[in-house]
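Remember, it's 1-based here, ligands and their atoms both numbered in the order they're listed. Just so it is clear, the values below take in all heavy atoms, side chains as well, and ignore hydrogens, waters and symmetry mates. Numbers here simply count residues along the sequence, with the first being 1.
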Amino acid sequence: MTAMTLNDFDADAFLRDYWQRQPLLIRNPWRQWRNPLDPDDLAGLACEPGIESRLITGTRDALTAEDGPLPEDRFGRLDRAPWTLLVQAVDQHVPAVAALIEPFRFIPDWRIDDVMVSVAGDGGGVGAHFDHYDVFLVQGLGRRRWQVGARCDDDTALLPHDSVRLLADFQPTDEWLLEPGDILYVPPGVAHNGVAVGDNCMTYSIGFRAPSRGELIGGWADDLLAGMTDDDRYADPGLRRQANPGEIAPAAIDRLHALVTEKLGDRAAFARWFGEYASTPKYPEIDWSPETAIGVDDLDAYLAHGVALIRNPASRFSFIAQGAGAVLLFVDGESWLCEGATATLAVDLCADLRLTFDADRVAPGAPRALLLDLINAGSLGFDDRD
Ligand code: SIN
Ligand code: CO
């Protein structure tokens, strides 16, 4: 697998002028574009249990959606109606698709969701809609006509449809025909509509995520609640008599409000919770943990042979700097406070998807204990391609 890189692409200018602001068509910026997955292999994934997929047939008012896993003979029974097959998180199953994320890592990892892949027959598409997230739509194979329109929000009128969110009114403001290797960036909320022009139209959606305020408040409050005791409650020693016993006095409100905000406003505790929350894997069933836990001697033997470590593609790694060279490492919903050589190792694990170590680089003690934890949890594995 050759590394994919975006040439002739100015990431800084993109972030300044387009990211979260306006759509951008990027004409084939790859040195040599190679479609990373065969359409038949995508259809195969849609038949596997545990992989989220959807087959959409028909157009606009007469769209039907079938959720996977699909029966293997389903693709032989497609009639002449336009169709499109969508498979979620293909990066977690196909390394060549995961490699498509790397060029987009000028956006922080915690913002990246996954790569959805679609294949459509002539005229196929999911219809005009908007998403809440940024997306890079990479044309893999065949051609697709993309139109973009106005910015939408949760008040925008949708067609009455049970399972597909389609815009009731879509007025394109721009339109392009994408060829293999071309990329369309669409910011959150911007209406878009892609229609396959010819058969074997494959599109790779590098999708991002952005937590809603409600999700953050709910999740953070749940975490705080789990650590609360019943005796941590309102108290008012030194209470003064008030003119009207019916009043909830300003001093009481101050105390009550402080009870809530002291906890909710604890930035350090919030940061730890958020790191754990954001690193929780979406598809934990991709389990790499060894049948029997390995020990430090096994690890030493691998390191002595220069075997590389690779990250489980379903695992999420991030860190938060703590000052004085320490970092909080987050992997798959767990956190480790790392210092000194362990902090350096943690930062490297967050930067690189594949790492080779010599025994000297991973000092005995805490750094090796960290690697062992991550290997035994299935977040890291040995690269047996060596
Ligand atoms: C597609 O790949 O057909 C749809 C992607 C999208 O509109 O988000
Ligand atoms: Co979309």
Side-chain angles (χ1 to χ4, degrees), residues 20 22-26 35-37 39 41-43 45-46 51-60 63-68 78 81-91 94 97 100-101 104 112-154 156 158-159 161 163-167 170 172-210:
Q20 298 242 305
Q22 51 176 326
L24 176 67
L25 174 71
I26 308 161
N35 179 45
L37 183 66
D41 293 336
L42 186 71
L45 288 174
I51 297 186
E52 224 180 300
S53 64
R54 213 165 200 221
L55 178 65
I56 294 185
T57 44
T59 45
R60 208 170 147 78
L63 271 191
T64 48
E66 288 162 64
D67 287 332
L78 291 167
W83 61 273
T84 186
L85 169 71
L86 308 157
V87 184
Q88 302 291 330
V90 177
D91 52 301
V94 182
V97 173
L100 271 185
I101 295 177
F104 297 97
I112 295 173
D113 189 7
D114 54 29
V115 184
M116 181 189 81
V117 187
S118 70
V119 60
D122 188 28
V126 301
H129 66 281
F130 75 97
D131 303 302
H132 284 113
Y133 309 107
D134 309 82
V135 65
F136 288 98
L137 298 155
V138 182
Q139 189 62 24
L141 192 68
R143 300 192 297 167
R144 183 182 287 275
R145 186 175 313 285
W146 277 108
Q147 299 174 315
V148 296
R151 213 169 257 278
C152 310
D153 58 29
D154 284 343
T156 304
L158 301 180
L159 287 180
H161 207 292
S163 54
V164 194
R165 292 174 65 250
L166 294 181
L167 295 172
F170 174 65
T173 52
D174 259 312
E175 144 170 342
W176 304 275
L177 182 64
L178 273 75
E179 307 268 353
D182 291 345
I183 305 173
L184 177 65
Y185 164 71
V186 183
V190 171
H192 53 287
N193 185 31
V195 178
V197 177
D199 286 336
N200 272 340
C201 167
M202 286 187 83
T203 303
Y204 296 77
S205 302
I206 321 290
F208 292 80
R209 56 191 184 140

Could you please tell me which protein N, O or S atoms lie under 2.8 Å from the Co ion (ligand 2)?
His129 NE2, Asp131 OD2, His192 NE2
Identify whether NZ of Lys or CZ of Arg in Arg151 sits under 6.0 Å from the centre of the six-membered ring of Phe130 and within 45° of that ring's axis.
no
Side-chain heavy-atom pair [X], [Y] within 4.5 angstrom cut-off:
{"X": "Arg54", "Y": "Glu66", "value": "no"}
{"X": "Arg144", "Y": "Asp182", "value": "no"}
{"X": "Ser118", "Y": "Leu86", "value": "yes"}

What one should report as the nearest heavy-atom pair of His192 and Val186 is ND1-CG1, 3.7 Å
OH (Tyr204) and CG (Leu42) are apart, to the nearest 0.5 Å, by 7.5 Å
Measure the CD1-OG1 distance between Ile56 and Thr64 for me, rounded to the nearest 0.5 Å.
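It comes to 8.5 Å.
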Is there a donor-acceptor pair closer than 3.5 Å between any side-chain N or O of Asp122 and the backbone N or O of Asp199?
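Not at all, since once roles are kept as given, no pair shorter than 3.5 Å links the two residues.
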Look at the side chain of Gln139 and the backbone N and O of Leu141, then say whether any donor-acceptor pair between them is shorter than 3.5 Å.
yes
Near ligand 1, at a heavy-atom separation below 4.0 Å: residues by chain and residue number
Met116, Ser118, His129, Asp131, Leu137, Arg144, Trp146, His192, Thr203, Ser205
